[in-house]
Amino acid sequence: MFSLYGISGPIFTGTLEALGRLPSVMRRRPAAAVRAIEERAEAAPGEAASAAETLPARQAVDAYQSMLPENLERGPLYHADQIMQPRVITVGDDDDVARAWRVLVGHQIHQAPVLDASEALVGIVSERNLLTAFNVDEAGVRDVLHKQVRDVMTSPVVAASPDTELRQIVRVMLARDVDGVPITTEGGRLLGFISRSDILAAVVNDPPLSVWR
């Protein structure tokens, strides 16, 4: 399910097919390491296992691990919430363009969702958007026009629900020439973000990826 959010609020909610009939858009927390299978829970005082008790357990674990395939296949990726970045760097629509640039550079990102004063999603701003308002050289930002993010951001912005299939998100990125898609609740609250880099990382690190079937 996809939505369009602009400065006046939600504009559209519907399927990929319905979204395709609209005009073109204008311009993780890291996973916790899995405990090794042989790790034992911390024993309470006075309950330390003896060597005789530990040896059979060790032998059982070795026998089990010897039967496992060398590359144990993980489950397939289907939906946005499986690869989205839940910690999203955002900027305000009333931020000046120089501050927005510092946010992108400081966090080493190329784009950021734009929120209004009520934290509603209203657009997305990229490096390309911001470079229309100033020049950048080795000394930093110069020749800055007195503009706010709302003056240069892309709006309305396409957003997707967490259960949207990844293949549909990829189609939207290609069809609308966008580099990322915000993930929101039905009410428009920002939950995460998927960029082209996230898709590529999933292809490399998390096969099989159903988006390519």
Query raised in the report: Got a sec, which residues hit side-chain hydrogen bond (donor to acceptor under 3.5 Å, both in side chains) with E127, two or more places apart in sequence or on another chain?
Result: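 H110.
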**Report entry** Partners passing side-chain hydrogen bond (donor to acceptor under 3.5 Å, both in side chains) against D163 (at least two apart in sequence or in another chain)
**Finding:**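 If we apply the side-chain hydrogen bond (donor to acceptor under 3.5 Å, both in side chains) test to D163, skipping adjacent residues, the hits are S161.
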Report task. Please assess I183 against D81 for the test side chain to side chain contact (heavy atoms under 4.5 Å, CB included), listing each intermediate value before the final yes or no. Result -> CA-CA 8 Å; I183 308 301; D81 60 358; 5.9 Å; no
Using side-chain heavy atoms (C-beta onward) and a distance below 4.5 Å, is [X] in contact with [Y]?
X    : Y    : result
L130 : V152 : yes
L121 : V114 : no
N129 : T154 : yes
P10  : Y5   : yes

**Report entry** V181 vs Q168, side chain to side chain contact (heavy atoms under 4.5 Å, CB included): CA-CA, chis, key distance, verdict
**Finding:** CA-CA 11 Å; V181 174; Q168 294 186 336; over 6 Å; no
Less than 3.5 Å apart, which donor and acceptor atoms pair up between the side chains of residues 188-201 and the rest of the protein, not counting sequence neighbours?
{"from": "S195", "atom 1": "OG", "to": "S197", "atom 2": "N", "distance (Å)": "3.3"}
{"from": "S195", "atom 1": "OG", "to": "D198", "atom 2": "N", "distance (Å)": "3.3"}
{"from": "S195", "atom 1": "OG", "to": "D198", "atom 2": "OD2", "distance (Å)": "3.2"}
{"from": "R196", "atom 1": "NE", "to": "V178", "atom 2": "O", "distance (Å)": "3.4"}
{"from": "R196", "atom 1": "NE", "to": "D179", "atom 2": "OD1", "distance (Å)": "2.9"}
{"from": "R196", "atom 1": "NH2", "to": "V178", "atom 2": "O", "distance (Å)": "3.2"}
{"from": "D198", "atom 1": "OD1", "to": "Q85", "atom 2": "NE2", "distance (Å)": "3.1"}
{"from": "D198", "atom 1": "OD2", "to": "S195", "atom 2": "N", "distance (Å)": "2.9"}

Requested in this report: List in chain and number order the residues that pass side-chain contact (heavy atoms from CB on, under 4.5 Å) with H146, two or more places apart in sequence or in another chain; answer none if no residue qualifies.
Outcome: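 Scan of H146 (side-chain contact (heavy atoms from CB on, under 4.5 Å), adjacent residues dropped) gives none.
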**Report entry** Under the side-chain contact (heavy atoms from CB on, under 4.5 Å) test, residues paired with T15 that sit two or more places apart
**Finding:**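 If we apply the side-chain contact (heavy atoms from CB on, under 4.5 Å) test to T15, skipping adjacent residues, the hits are E17, A18.
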Query raised in the report: Taking Q82 for the side chain and Y78 for the main chain, is one N or O donor matched with an acceptor at less than 3.5 Å?
Result: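 Checking the backbone N and O of Y78 against the side chain of Q82, a donor-acceptor pair under 3.5 Å is found.
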Requested in this report: Using atom types as modelled and distance alone, determine if a side-chain donor or acceptor of S155 lies under 3.5 Å from a backbone N or O of V122.
Outcome: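 Yes, S155 side chain to V122 backbone: donor-acceptor pair under 3.5 Å.
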Requested in this report: Determine, using the 4.5 Å side-chain heavy-atom cutoff (strictly less than), whether L145 and L131 are members of one ILVMFWY cluster.
Outcome: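 No, because L145 and L131 fall into different hydrophobic clusters, even though each may have its own neighbours under 4.5 Å.
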Query raised in the report: CD1 of I109 to CD1 of I89: how many Å apart, nearest 0.5 Å?
Result: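 Between atom CD1 of I109 and atom CD1 of I89 there are 5.5 Å.
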Query - Distance (rounded to the nearest 0.5 Å) between L166 CG and H79 NE2 - result: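 Going from CG on L166 over to NE2 on H79, the span is 8.0 Å.
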Can you name the nearest heavy-atom pair linking [X] to [Y], along with the distance?
X    : Y    : result
A112 : L104 : CB-CD2, 3.8 Å
A133 : K147 : CB-CD, 4.4 Å
A202 : I83  : CB-CG2, 4.0 Å
I169 : A80  : CD1-CB, 3.6 Å
M153 : I7   : CE-CG2, 3.4 Å
A100 : V149 : CB-CG2, 3.7 Å

Query raised in the report: Which pairs, with at least one residue in residues 88-97 and sequence neighbours excluded, count as a salt bridge (charged side-chain N to carboxylate O under 4.0 Å, His left out)?
Result: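 Passing the test, one end in residues 88-97: D93-R150, D95-R99.
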